[in-house]
Chemist: 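Have a look at the structure that comes next, please.
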Protein chains: 4
Amino acid sequence: MVSLADYSDVVRAEVKQVREVVAGLHEQLLQWGLVVWTAGNVSQRLRSADLMVIKPSGVRYEFLTPQSMVVTDLQGHVVDGEQEPSSDTASHAYIYRHMPDVFGVVHTHSTYATAWAAAGRQIPCALTMMGDEFGGPVPVGPFRLIGSEAIGRGVVETLARYPKSPAVLMRNHGPFTVGGDAESAVKAAAMTEEVARTVWAAEQLGGAVEIAQKDIDSLNDRYQNVYGQH
Amino acid sequence: MVSLADYSDVVRAEVKQVREVVAGLHEQLLQWGLVVWTAGNVSQRLRSADLMVIKPSGVRYEFLTPQSMVVTDLQGHVVDGEQEPSSDTASHAYIYRHMPDVFGVVHTHSTYATAWAAAGRQIPCALTMMGDEFGGPVPVGPFRLIGSEAIGRGVVETLARYPKSPAVLMRNHGPFTVGGDAESAVKAAAMTEEVARTVWAAEQLGGAVEIAQKDIDSLNDRYQNVYGQH
Amino acid sequence: MVSLADYSDVVRAEVKQVREVVAGLHEQLLQWGLVVWTAGNVSQRLRSADLMVIKPSGVRYEFLTPQSMVVTDLQGHVVDGEQEPSSDTASHAYIYRHMPDVFGVVHTHSTYATAWAAAGRQIPCALTMMGDEFGGPVPVGPFRLIGSEAIGRGVVETLARYPKSPAVLMRNHGPFTVGGDAESAVKAAAMTEEVARTVWAAEQLGGAVEIAQKDIDSLNDRYQNVYGQH
Amino acid sequence: MVSLADYSDVVRAEVKQVREVVAGLHEQLLQWGLVVWTAGNVSQRLRSADLMVIKPSGVRYEFLTPQSMVVTDLQGHVVDGEQEPSSDTASHAYIYRHMPDVFGVVHTHSTYATAWAAAGRQIPCALTMMGDEFGGPVPVGPFRLIGSEAIGRGVVETLARYPKSPAVLMRNHGPFTVGGDAESAVKAAAMTEEVARTVWAAEQLGGAVEIAQKDIDSLNDRYQNVYGQH
């Protein structure tokens with residue numbers, strides 16, 4: 001079996017740093033109210049090798065440390081770590097193998113995003129924030145059983161049809177988000193829940209009013225190319 | 001009257017340890033927003049004797065300590081402790097006497113689970129997380145007055161008809177959950193509230209879509225037999 | 001003008017102790033999510049003199065200290081304190097003058113209790129917790145302008161018709177609660193919001209099912225006479 | 001390019017003090033649950049020069065410090081600061097140029113206020129708290145794209161028609177609030193979200209009952225002229 005000792009110093013140094021990043025981002029899931037008990041997981045793919053760092057399975061958040069994070073290859077086989085990796089590991093690995101620009105993946109069961117998923121409805125684009133972040137509606141992916149890479153396939157197939165969206169609501173399950181690193185994917189998870197909750201509340205007031213497509217395109221173009229520190 | 005001094009060192013050591021566990025788990029009830037003021041209680045049955053450790057009655061959470069927890073026998077008679085035990089003690093005791101695999105019981109009035117109970121509706125199984133944890137809908141139990149073992153009887157009778165569910169929503173009252181220890185029952189209480197809230201929100205979007213029974217069975221089988229560290 | 005120096009040592013000692021109690025209970029309003037910014041106020045009547053201690057007007061919660069609390073007589077005239085008392089002072093004073101068993105009064109604009117008040121609907125008694133604490137529905141009081149004792153009169157007149165309830169929802173305004181001391185009134189405020197939220201959520205599931213009156217009476221009798229440490 | 005060194009000691013001292021105020025008020029946005037991730041921004045106009053202090057663009061809340069705040073002139077040009085100012089800077093500047101009594105501006109995407117904005121509905125005046133703070137309904141402003149002063153123009157035009165309201169709900173976007181300083185604008189943001197949530201919840205109970213205009217006027221007159229410490 002391959003172990004971390006078979007990798008270079010550079011890789012081992014990146015593993016150490018990414019373990020800290022991924023452990024720290026699980027605290028952000030808690031801070032923004034995206035997870036309960038052990039639900040939800042974050043991973044980040046390495047730049048220096050075809051490896052990823054992911055949460056261990058079924059461990060309570062207060063017991064997560066950088067060292068408890070699990071390192072696997074992009075087939076989901078464990079390379080380093082004392083615990084079993086998340087039961088969503090095969091799906092994270094599938095996403096990394098098929099979306100070469102993605103280096104961070106997050107899965108939660110955050111309440112309102114999951115409610116849209118349970119109702120089988122996409123979130124209509126009724127907020128300028130959605131134009132910015134998602135470039136349109138937040139799409140719904142297919143129903144899939146847990147424990148194989150079938151969920152990852154559903155994520156990849158859905159995002160191929162919605163290339164501007166960093167999020168997909170897996171039917172009867174919950175949101176998966178992707179990004180250029182794990183922090184971007186966590187931000188997308190927080191934004192997905194926020195727009196899910198806001199548009200849900202608008203629906204109870206008689207209905208959210210969708211934004212015209214040309215305005216969505218203007219918002220998305222500015223945000224992806226101008227916003228932030230650069 | 002029997003006192004803790006009549007028990008062996010082994011039993012007294014387990015009492016000390018379980019008092020710490022049960023006191024600590026009341027903090028988890030607060031952390032996940034399952035209780036307000038003094039509502040809600042956790043108990044755990046001992047392995048070394050027919051005793052249980054339970055929250056005192058009507059005491060605010062910030063004043064709960066391991067030593068303030070009350071030890072009773074499985075008829076609900078106090079064996080050790082300076083305060084009155086929870087007014088639900090007889091029901092906890094009834095559950096332990098009639099469900100020999102159960103070593104933890106939790107009762108809350110968590111908002112959304114109690115809302116389903118007040119509407120007299122079971123929570124339909126519309127989430128993969130429910131397939132995992134509950135193996136179907138979360139059932140509703142009968143209306144019962146407080147203060148006798150009548151509530152415990154209602155819990156046991158309902159769970160006999162829903163053997164995969166660790167939770168029952170007592171009509172007009174709130175959820176009771178059971179587990180192999182108190183932590184498992186607290187986890188079930190947190191999950192019950194989370195699925196209650198999520199499916200409630202899906203109902204406001206036009207209705208939660210239930211999962212097919214064969215898929216529920218697949219999810220439950222995998223989760224109960226494969227998930228977590230083992 | 002009368003000042004605290006005109007009172008006995010016993011009274012001055014009770015003022016000091018009650019200032020600490022009332023300041024501390026404002027933190028409980030925050031902990032249970034009952035207030036935003038400066039909204040909401042707590043008072044407690046003294047046992048040793050016809051005086052009360054109440055929150056100053058328009059001061060942010062993080063700046064409240066025991067010493068910032070204002071002492072007034074039961075007409076609402078300031079006896080000690082450097083700041084203006086709450087604009088609800090005349091109403092608190094009216095309640096104490098007309099309800100001799102009440103020694104604590106709390107007013108909040110907690111979200112769901114105030115929503116029922118804005119809809120002009122009483123909260124139907126659909127929870128065993130409501131049978132315990134309120135002995136029936138939580139009643140709605142009349143619309144009243146702010147700044148005089150008119151609100152206090154509305155509270156007293158409504159509670160005369162609902163003598164088992166410690167809470168009244170003032171129409172288009174928010175809840176007032178009373179108790180044997182300020183802590184009991186704060187507990188009633190927390191419980192009012194919790195049942196308001198839970199029954200509100202049940203209404204969205206098709207309707208909360210009310211409990212039969214004879215069962216409400218049984219619950220209330222047991223809770224008021226048996227529950228808690230005694 | 002103009003720099004802060006071109007200004008007097010008095011101005012530089014006010015910049016230092018306002019940077020601390022504005023940075024500290026971003027924590028209040030978090031405390032009252034008005035923002036997620038980097039959304040939302042606070043600014044304050046100086047008294048000693050035609051300058052304002054505003055949040056940098058796209059920076060997470062835990063990394064905001066007084067020194068990271070950006071100083072711009074009232075055209076939105078940067079005068080001091082190492083980072084890009086908020087992408088809403090031109091709109092804040094427009095508001096200050098056209099509303100000479102306004103010295104604080106806040107923008108959030110707080111959930112329920114934004115839900116009313118997404119549904120294109122003003123919040124009806126159904127709470128005495130709204131009579132106090134808003135003197136009527138909370139109005140809806142026009143749809144505007146992000147990144148120019150167009151949003152600021154929409155805010156100014158809407159508030160000209162609702163001169164008692166410190167808040168406007170920009171359609172499909174979120175609330176902007178104004179005040180005599182940044183703290184007043186943050187208070188208005190917190191109150192806007194609270195009344196948005198409460199009236200939203202009342203709408204789900206069959207409808208919020210609006211207050212008669214003469215009563216709204218009485219409430220607003222008393223509150224604006226009598227309330228608080230003075």
Side-chain angles (χ1 to χ4, degrees), chain A residues 24-25 27-29 31-34 110-112 123-133 183-212 214-230, chain D residues 30 33-40 56-63 68 70 81-88 107-124 140 143-148 151 169-174 196-197 199-205 207-208:
Chain A
L25 286 167
E27 290 173 27
Q28 293 283 313
L29 297 187
Q31 169 164 356
W32 302 113
L34 306 179
S110 67
T111 306
Y112 289 89
I123 309 176
C125 186
L127 301 173
T128 54
M129 186 197 279
M130 293 184 71
D132 286 354
E133 298 277 351
E183 179 173 334
S184 297
V186 171
K187 178 187 175 182
M191 289 298 172
T192 297
E193 179 64 5
E194 183 60 17
V195 304
R197 181 165 41 214
T198 303
V199 181
W200 176 89
E203 288 288 285
Q204 316 307 316
L205 289 172
V209 179
E210 293 188 61
I211 301 177
K214 73 169 171 33
D215 291 327
I216 293 173
D217 292 342
S218 294
L219 288 163
N220 192 250
D221 181 61
R222 183 202 68 87
Y223 186 76
Q224 299 301 335
N225 297 303
V226 180
Y227 179 75
Q229 304 297 330
H230 46 99
Chain D
L30 272 185
L34 306 179
V35 290
V36 168
W37 210 255
T38 66
S57 178
V59 175
R60 273 165 61 182
Y61 279 87
E62 60 262 55
F63 303 133
S68 70
V70 183
E82 293 167 24
Q83 308 195 61
E84 296 286 323
S86 164
S87 55
D88 294 310
H107 170 47
T108 77
H109 300 126
S110 66
T111 307
Y112 289 89
T114 302
W116 287 92
R121 288 181 58 186
Q122 64 177 18
I123 310 176
V140 175
F143 177 81
R144 291 290 160 85
L145 293 176
I146 295 173
S148 75
I151 292 173
L169 309 173
M170 292 300 284
R171 198 176 289 263
N172 293 117
H173 188 158
R197 181 165 40 214
V199 180
W200 176 90
E203 289 287 284
Q204 315 308 316
L205 289 172

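Only this structure's heavy atoms are used, side chains among them; waters, hydrogens and symmetry mates stay out.
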Chemist: Which heavy atom of A/A202 sits nearest to which heavy atom of D/A115, and what is that distance?
Modeler: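 Closest approach of A/A202 to D/A115: CB-O, 3.5 Å.
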Chemist: Atom CD in A/Q31, atom CH2 in D/W37: separation rounded to 0.5 Å?
Modeler: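 A/Q31 CD to D/W37 CH2: 8.5 Å, rounded to 0.5 Å.
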Chemist: Within this structure, what is the CD-CZ distance for the pair A/Q28 and D/R60, rounded to the nearest 0.5 Å?
Modeler: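 So the gap between those two atoms works out to 4.0 Å.
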Chemist: Could you give all pairs that pass the salt bridge (charged side-chain N to carboxylate O under 4.0 Å, His left out) test and reach residues 201-212 of chain A, with sequence neighbours left out?
Modeler: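 Listed once each, the pairs are A/R121-A/E203.
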Chemist: Using 0.5 Å steps for rounding, measure from the NE2 atom of D/H173 to the CD1 atom of A/I211.
Modeler: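 That separation rounds to 9.5 Å.
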Chemist: So which heavy atom on D/S87 is nearest to which on A/R222, and how close?
Modeler: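 Where D/S87 meets A/R222 most closely, the heavy atoms are CB-NH1, 3.7 Å.
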Chemist: Measuring from atom CG of A/D132 to atom CD1 of D/I146, what distance do you get when rounded to the nearest 0.5 angstrom?
Modeler: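 So the CG of A/D132 and the CD1 of D/I146 are separated by 4.5 Å.
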Chemist: Over all heavy atoms of both residues, which pair between D/N172 and A/A126 is shortest? Give the atoms and the distance, please.
Modeler: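 Closest approach of D/N172 to A/A126: ND2-O, 2.7 Å.
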Chemist: Identify which part of D/V199 has an atom lying under 4.5 Å from any heavy atom of chain A, answering side chain, backbone, both or neither.
Modeler: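 The answer is neither part of D/V199.
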Chemist: Looking at residues at least two apart in the chain, or sitting in another chain, which of them share a side chain to side chain contact (heavy atoms under 4.5 Å, CB included) with D/L145?
Modeler: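 If we apply the side chain to side chain contact (heavy atoms under 4.5 Å, CB included) test to D/L145, skipping adjacent residues, the hits are A/D215, A/S218, A/L219, D/F143.
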Chemist: Looking at every heavy atom in both D/Y112 and A/A201, which two are closest together, and how far apart are they?
Modeler: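 Answer, listing the atom of D/Y112 first, then A/A201: CE2-CB, 3.9 Å.
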Chemist: What is the minimum heavy-atom distance between D/V36 and A/W32, and which atoms define it?
Modeler: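 In terms of heavy atoms, the two residues are closest at CA-CZ3, 3.6 Å.
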Chemist: If you round to the nearest 0.5 Å, how far is CD of D/Q204 from CG of A/L205?
Modeler: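 Atom-to-atom, A/L205:CG and D/Q204:CD are 6.5 Å apart.
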